[in-house]
Structures are given as structure tokens and as C-alpha cells.
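Below is one structure; the comments refer to it alone.
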Amino acid sequence: MTTIDVPASRNYQVIVGKGLLSQTGSRILPFCKGNTAAIVSDETVWGLYGSTLEASLKDAGLAVIHYTFPAGEASKNGENYLKILNFLAENKLTRSDVLVALGGGVTGDLTGFVAATYLRGIAYVQIPTSLLSMVDSSVGGKTAIDLPAGKNLAGAFYQPSLVLCDMDALSTLPQEIFRDGCGEIIKYGVLYDKVLFDKLLAEGFSFDREAVIARCVELKRNVVAEDEFDTGARQKLNLGHTIGHGIEAQSHFTISHGEAVATGMAIVARAGEKAGITSGDTVDAIHEILEKFGFPLTTGYSAQQLFTSALSDKKRSGGTVNLVVPREIGDCILLPTPVGQLQSFIKAGLA
């Protein structure tokens, strides 16, 4: 078991290990001054782990209510956000009670935004059940819902009180969903850690899950501690995301987040090489690791289509989009790119 302290506007711990789901009740009590825990989960995850979590919370003396919604990115919307708020109000949840997000990134983002805004803020605990949410979305306090115009366009920075990453939850993940999280893990290697990158390249899917997840959380912890509100260094975590979100949007979210980000990394690396930023060896290494994990290196969507989606990206600032471009493995830069040049940059990476 590994515990990582995250210093932020609310300090908290991320615990990585086995058997944590059944320990949730005792671990959550310090953050619940009332007597009720409200669980939010999608229908698939609730069917797998809902009863275990509910029993643990009840054993700790808490009353439990739960809200479930259909699994998938399409549920991360304003309609479900308002439904959950009304559900909490109807059940008279107070600011002394606690929310529990049980599930992947969609559940965590949605529940976190509810927690940030219900009664102007209520404590919440993240229990990520997918690899991607363990290494990325459950840590750092970004919460959001999607709008018709784009992904994550309404949200808040709001830190959880605790994050529990139970390795046992990964045993029920379909291989394609597990692979999805590997895209984000590769991203951390490209951004910050050549040793991690080389380990993944050598071991493929057989990597030590607990050790790698803990390392990714440490890397994100370091970034959040430096730039909690995403005004500088934290923007590097968007490597592959501007183009990746465009791929997701153009596919109507039939292409997963991890796959889209992986393809986005390959595209931006090739474009970076043509711009004289990314070394050829780095492009080759990124191609090699993505192919090892079964990710596509390009997309059938045009530069015009991806550019259109990028115009709605939340990382746009006025007439500029901050792209994250690798120079070498473990060394990336922020490249402020005028909107007028973005389409040609994307086009260079598609070739």
C-alpha cells in the first residue's frame, strides 16, 4: 500500500493498494461530520461494487443513499448534474455529510462538480475504479461537465478530501478500458519521466500496477502543488489533449479518451518535429510505445475537423491555444500557437 500526500487548497491523501473498498467506511469517517454518505455511480460500476461500498459505510455507522446514471461520457451533462443536486436536496443532505464518487472519470468529474456547488461546497471522496481515473482525473481537483459546444466547459477547481485507488477494481476492467488508462500513463512518461517511459516500453501491459499508478500520482501531485489552478506548469498535463479532444468530439465519443489522447500525442510529436522542436528519436520512441500498447498513430479526421473542435477547447486563451510539444522523452514545452496557425500545425502532424 502506498500513500501520497497532496498539498493543495485542501490537503489530502491518495492511497493506492488492495482491499480499500471494504475499508472505505472507517477511512471516510474523519471527513463526515454528519451521519450520511451519498454515493454517486454509474449503473455498471454500481452493479459491481455498490453493495461492497454500501456495506462498508453502513458498518461504520453511516446512513447511505445512492444515485446512479447510465454509464458513458454522454451522461456527464447538465441534466444529470441538476438531477443529482435535486436528489441531494430532496434527501436533505447537509454540509456536514459527504459525497462519494464511485467509478471512472465521468463519475468523478460529475460528482466533484456537484460537491463544489451543492450548498456552496460539501466534502467528497474519490474512489476511482478505472486505470485512467486512478492516474489522472481523480487527483488534482478538476471537476466538470460537458456542454454541447465542447468537453469540460463548465466546472470548478475543487479538491477531494480523500482518494482511494483499490487495485482490486482493475480486475473487472475490460482490456480495452485498461488500455485506455495506459494512454495517460504513457503521457506522464513523455512529459516527466524517461525511466517510467522506458519501463513501460520494456514491460508493456505487464507493468507493476501499484508502483506505476503511485508514480503517476506522485508526478501529478508535484504539478498540482506548483500550479493548482492551471495557469502555468499544470497546462503541460494537456499533452495530446487539444487534438485528442477533437478526435473524441468528431467521433461523438465513440473513440475513447485514452486512445484519442494517445493519437493526439503522436500527431503533435510529428508536427513538433517538422517545426524543429521534437527530435526524430523522440517521435520514433513515441510511435514505438503507442504501437506496443495498440494505439493508432493517426486519425481519419481532417485538420479542418480537428481545428474546428479545438476552437471550443477550454485551453484556448483569446486568439492563442497553448499546445504541449515534446522535445525529448521527459522534456516538453508549452507552445503558444495563434489560432490562425493551429490548423496548419495539426495538418503537419497528420502527414
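Only a predicted model underlies this, so the values are computations on that prediction, with no experimental measurement involved. Side chains are part of it too, since the values below use all heavy atoms of this structure and drop only hydrogens, waters and symmetry mates. For the single chain, residues carry numbers from 1 onward in sequence order.
Using modelled atom types, one finds a donor on one side chain and an acceptor on the other under 3.5 Å when comparing Thr308 with Gln304. Under the 3.5 Å distance criterion, with hydrogens and angles disregarded, a donor-acceptor pair is assigned to the side chains of Thr231 and Asp227. A donor-acceptor pair shorter than 3.5 Å can be found between the side chains of Ser279 and Glu328. Counting only N and O atoms by type, the side chains of Asp97 and Thr94 include a donor and acceptor under 3.5 Å apart.
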Quiz: residues 28-36 side-chain donor-acceptor pairs under 3.5 angstrom, not counting sequence neighbours:
unit_1, atom_1, unit_2, atom_2, d
Lys33, NZ, Pro30, O, 3.0

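The side chain to side chain contact (heavy atoms under 4.5 Å, CB included) check on Tyr301 picks up Ile247, Gln250, Ser251, Ile255, Thr299, Gln305, Leu306, with sequence neighbours excluded.
Here the straight-line distance linking atom CZ of Arg234 with atom CD of Glu228 works out to 7.5 Å at 0.5 Å rounding. If you take OG on Ser161 and CG on Asn11, they are separated by 11.0 Å, rounding to the nearest 0.5 Å.
When the side chains of ILVMFWY residues are joined at heavy-atom separations under 4.5 Å, either directly or via intervening members, Ile177 and Ile185 end up in a single hydrophobic cluster. A chain of hydrophobic side-chain contacts below 4.5 Å, direct or via other Ile, Leu, Val, Met, Phe, Trp or Tyr residues, connects Val268 to Leu237.
Closest of all the heavy-atom pairs between Pro326 and Val190 is CB-CG1, 4.1 Å. The minimum heavy-atom distance linking Asp109 with Lys142 is given by the pair OD1-O, 3.7 Å. In plain terms, the two heavy atoms of Pro160 and Gln126 that are nearest each other are CB-CG, 4.0 Å. When all heavy atoms of Val135 and Gly181 are compared, the pair lying nearest together is CG2-O, 4.4 Å. The shortest heavy-atom contact between Val163 and Pro128 is CG1-CD, 4.0 Å. Contact record, Lys236 with Ile333: CE-CA, 4.3 Å, taken as the closest heavy-atom pair.
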Could you please spell out the steps behind the side chain to side chain donor-acceptor pair (under 3.5 Å) verdict for Ser41 and Tyr49?
-> CA-CA 10 Å; Ser41 186; Tyr49 301 114; over 6 Å; no
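For Lys292 and Glu288, the salt-bridge test fails: no basic side-chain N is under 4.0 Å from an acidic carboxylate O. We find that Glu176 and Arg179 are not joined by a salt bridge, their nearest charged nitrogen and carboxylate oxygen being 4.0 Å or further apart. The existence of a salt bridge linking Glu218 and Arg215 is confirmed by a sub-4.0 Å separation between a basic side-chain nitrogen and an acidic carboxylate oxygen. Taking a cutoff of 4.0 Å between a charged side-chain nitrogen and a carboxylate oxygen, Glu73 and Lys76 qualify as a salt bridge.
In this structure the side chain of Thr263 never reaches within 4.5 angstrom of the side chain of Ile243, judged on heavy atoms.
The aromatic rings of Tyr192 and Tyr188 are tilted relative to each other, their planes meeting at an angle between 30° and 60°. In this structure, Phe229 and Phe157 have perpendicular ring planes: the angle between them is above 60°, well past the 30° mark. Between His66 and Trp46, the angle of the ring planes stays under 30°, which puts this pair in the parallel group of the 30/60° scheme.
Listed by chain and number, the hydrophobic cluster partners of Tyr118 are Val40, Ile65, Tyr67, Phe69, Tyr81, Leu82, Ile84, Leu85, Phe87, Leu88, Leu93, Leu99, Val106, Leu110, Phe113, Val114, Leu119, Ile122, Tyr124, Ile145, Tyr158, where partners are ILVMFWY side chains within reach of under 4.5 Å, directly or through others.
For Lys274, the NZ atom is densely surrounded, since the number of other residues' heavy atoms within 6.0 Å is greater than 12.
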